[in-house]
Participant: 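This is the structure I want to talk about, given as C-alpha cells.
Heads up: numbering here begins at 1 and tracks the sequence.
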Amino acid sequence: MKKSLLRLSMVVAMLVSAFAWSAQSFAAVGDVNGDNVVSGSDVTALYGHLLENKEVAGNADVNGDGIVSGADVTYLYGILLGEITPAKGKLYILGTVVEGGWAPNKGIEMTGNGNVYTATLPITGVQYFSFTTKLAENDGDNGGWDEIAESRIGAVSDGDFWVVSDYIGQTLSLQAGENPFRVRAEGDITLTVDLDAMTIVINGEVLPEPNPDESDKVYIMGDPAGGWKTNLGLEMQYDENAKVYTATISSDGDMYFGFTTKLADTEDAWDDIVAYRFGAVSEGGDFNVTNSNKGEIALASNADGGQTLLIQGGGEFKLTLDKANMKLKIEGEIKEVVAEAEYYYIGTANGWSTSNIDYPFEPQGNGVHKIVITNPAAAEWFAIAPKAAYGSSNFWGQVLRPSTGNGTGAGTVSYATGDSYGSWCVNNATSITITLDTTKGTVTVE
C-alpha cells in the first residue's frame with residue numbers, strides 16, 4: 001500500500017506544480033490542511049497524514065466514505081482537475097427500501113457530485129421511495145415528519161408513481177412533496193437525481209405493475225370483516241342469474257369498508273393486494289353513504305382513486321355489487337347523524353348566561369355554523385361562545401366578538417376574541433340570522 005502511495009506521490013508532485021490553483025468554492029471538501037483553499041498543499045497534507053501519520057487541520061476524509069485512504073487522494077485530484085464537483089449538500093432516500101421502512105430519521109445517503117446524486121438499490125418485489133435533503137432528529141411518532149416536511153422531494157403525481165419499463169432511462173420530473181415512486185423489480189435499480197433541474201433518471205430492469213387475476217370472488221374488507229387486516233374479508237355471494245354479488249353487513253356503530261378480489265396470506269401485506277382493491281369514487285376522501293346517495297354508488301379501483309366507504313350510526317344493510325359495471329347499491333335506513341354544536345349564541349335572549357346553552361349554532365359543514373333568533377328584543381345584543389368556554393375560568397376571554405367595535409350591526413365582519421372587543425347589536429328586527437364561518441374568520445348578521 002505504501003509503495004503504491006509513494007509512486008502516486010511522484011505523479012502528484014508533478015501535477016501539483018501544474019494545478020496549484022485555488023478552489024475557494026469547494027473549501028469545505030478537500031481542504032485537508034485547513035487554510036480555506038483547496039490546492040496542491042492539501043495533497044501534500046493528505047500524503048503526510050497517510051504516510052507519516054501527521055495531524056491535519058482540516059478533514060482528510062475527502063470522499064466522505066468514513067475512512068482515510070488512497071481513494072481520498074484520487075478524489076482530491078478529481079476536485080483539483082475539475083473532474084469532480086463536491087456535493088452541495090446531502091440527499092437521502094426514504095421509503096420501504098430503507099431498513100425498517102418509512103421513517104423520517106432513517107434514510108440511505110446518496111453519493112453527490114455537485115447537485116447530482118446517485119445510488120443503487122437492491123429491489124425485491126414492490127418497493128416505495130422518495131427523497132429528503134435532511135433527516136429528522138425524531139421518529140414519526142415524535143414529530144419527525146413535521147421536521148422534514150419542507151425538505152421532502154417526490155414524484156410529480158397525484159399519488160404513487162408507478163415506475164414501468166417505459167420510464168426506464170427517461171428523465172422524469174421531481175417536485176417538493178412526499179409522493180413516492182413505486183417500483184417492482186428483482187434486482188438492482190440505479191437512481192440519478194439532479195436537484196438543480198429537479199429530475200430523476202431510473203435505470204435497471206423493472207417488472208410490470210401486477211395485474212389482478214380474473215377472480216370469481218369479491219370480499220368486503222374493513223369493519224364488516226372484523227377489522228382492517230389483509231387476510232380478513234367477508235366473502236360476498238354471487239348470483240349467477242343477476243350477475244351481481246350480495247352481502248349483508250351490520251354494526252352498532254360506524255362502519256368503514258372497501259372491496260378486494262384477493263386476500264393476502266398475512267394480516268399486513270398491503271402491497272400484495274394493492275392491485276386487487278377497489279372502493280367508491282370520491283374526491284374528498286372517505287365516501288360518506290347517505291340515504292340520498294346509497295341507491296347507486298360508482299366504484300373504482302384504488303389505483304384509480306377508489307376510496308373507503310363509511311356508513312355512520314350503525315344498522316343492518318344489504319349490499320348489491322355489480323362488478324361488471326362497477327356499481328354498488330346499499331339497502332337499509334341510514335341514521336341521520338347530527339353534528340354536535342360547537343358554538344352558542346350568548347346575549348339578550350338568554351340573559352348573557354354563561355351556563356345557558358339553549359341557543360346552539362347548527363353546523364353546516366366546512367367550518368360554517370348558523371343560528372336564527374326569532375322574536376329578538378328591540379335592541380338585541382349578542383356575541384358567540386365556543387363550546388370550550390363553558391365551564392372555563394376564562395369564559396369571556398374565549399368569546400367571539402366583532403373586531404369592528406361595540407354595537408356592530410348587520411353585515412359581514414371579522415371576529416376576534418377577548419374582553420377588549422364589544423358585541424353585535426341589531427335593532428327592531430323580526431328575526432336575526434347569524435352565520436359564523438370559522439374557515440374565513442367572519443360572522444354575517446342578517
Participant: Run the numbers on D139 and N105 for side-chain hydrogen bond (donor to acceptor under 3.5 Å, both in side chains), then give the verdict.
Facilitator: CA-CA 6 Å; D139 60 24; N105 58 345; 5.4 Å; no
Participant: Does a salt bridge link R182 with D160, judged by any charged N lying under 4.0 Å from a carboxylate O?
Facilitator: yes
Participant: Salt bridge check: are E342 and K387 linked by an N-O gap of less than 4.0 Å?
Facilitator: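 Salt bridge between E342 and K387, a charged N being under 4.0 Å from a carboxylate O: no.
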Participant: Is there a side-chain contact between D272 and T230 (heavy atoms, below 4.5 Å)?
Facilitator: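 Not touching, per the 4.5 Å side-chain cut-off.
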Participant: Would you say that I249 contacts L319 through its side chain, given a criterion of any heavy-atom pair below 4.5 Å between the two side chains?
Facilitator: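 They are in contact (side-chain heavy atoms under 4.5 Å apart), so the answer is yes.
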Participant: Can you confirm whether or not the ring centre of F395 sits under 6.0 Å from the ring centre of Y390?
Facilitator: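 For F395 and Y390, the ring centres are under 6.0 Å apart.
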Participant: For this output row, return yes or no: ring centroids of Y345 and F382 closer than 6.0 angstrom.
Facilitator: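 Between Y345 and F382, the centre distance is under 6.0 Å.
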Participant: Taking the side chain as C-beta and beyond, is there a heavy-atom pair between T320 and K318 under 4.5 Å?
Facilitator: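 The answer is yes; the side chains approach within 4.5 Å.
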Participant: Can E109 and K90 be counted as an ion pair, charged N to O under 4.0 angstrom?
Facilitator: yes
Participant: Should C425 and E380 count as side-chain neighbours, where that means a heavy-atom distance under 4.5 Å?
Facilitator: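 Counting from C-beta outward, C425 and E380 never come under 4.5 Å.
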Participant: So how far is it from M326 CE to F259 CZ, rounded to the nearest 0.5 Å?
Facilitator: 9.5 Å
Participant: Does the side chain of I84 reach to within under 4.5 Å of the side chain of N113, using non-hydrogen atoms?
Facilitator: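 When only atoms from C-beta onward are counted, N113 and I84 do touch, with a gap below 4.5 Å.
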Participant: Using side-chain heavy atoms (C-beta onward) and a distance below 4.5 Å, is L321 in contact with V244?
Facilitator: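 When only atoms from C-beta onward are counted, V244 and L321 do not touch, as no gap falls below 4.5 Å.
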Participant: Just do the side-chain hydrogen bond (donor to acceptor under 3.5 Å, both in side chains) check on S301 and D304 with the steps written out, would you?
Facilitator: CA-CA 5 Å; S301 68; D304 293 328; 3.0 Å; yes
Participant: Check I202, I123, V164, V126 against V183 for a side chain to side chain contact (heavy atoms under 4.5 Å, CB included) and give me the one that passes.
Facilitator: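 Of I202, I123, V164, V126, side chain to side chain contact (heavy atoms under 4.5 Å, CB included) with V183 is met by I123 alone.
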Participant: Less than 4.5 Å apart, side chain to side chain, heavy atoms only: is that true for I297 and L309?
Facilitator: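 The answer is yes, as the side chains (C-beta and beyond) meet within the 4.5 Å cut-off.
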Participant: Looking only at heavy atoms, what is the nearest atom pair of A383 and S423, with distance?
Facilitator: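 So the two residues come closest at CB-OG, 4.5 Å.
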Participant: Is it the case that the ring center of Y167 lies less than 6.0 angstrom away from the ring center of F161?
Facilitator: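 Ring centres of Y167 and F161 closer than 6.0 Å.
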Participant: Can the ring centres of Y343 and F361 be said to be less than 6.0 Å apart?
Facilitator: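 Centroid distance Y343-F361: not below 6.0 Å, so no.
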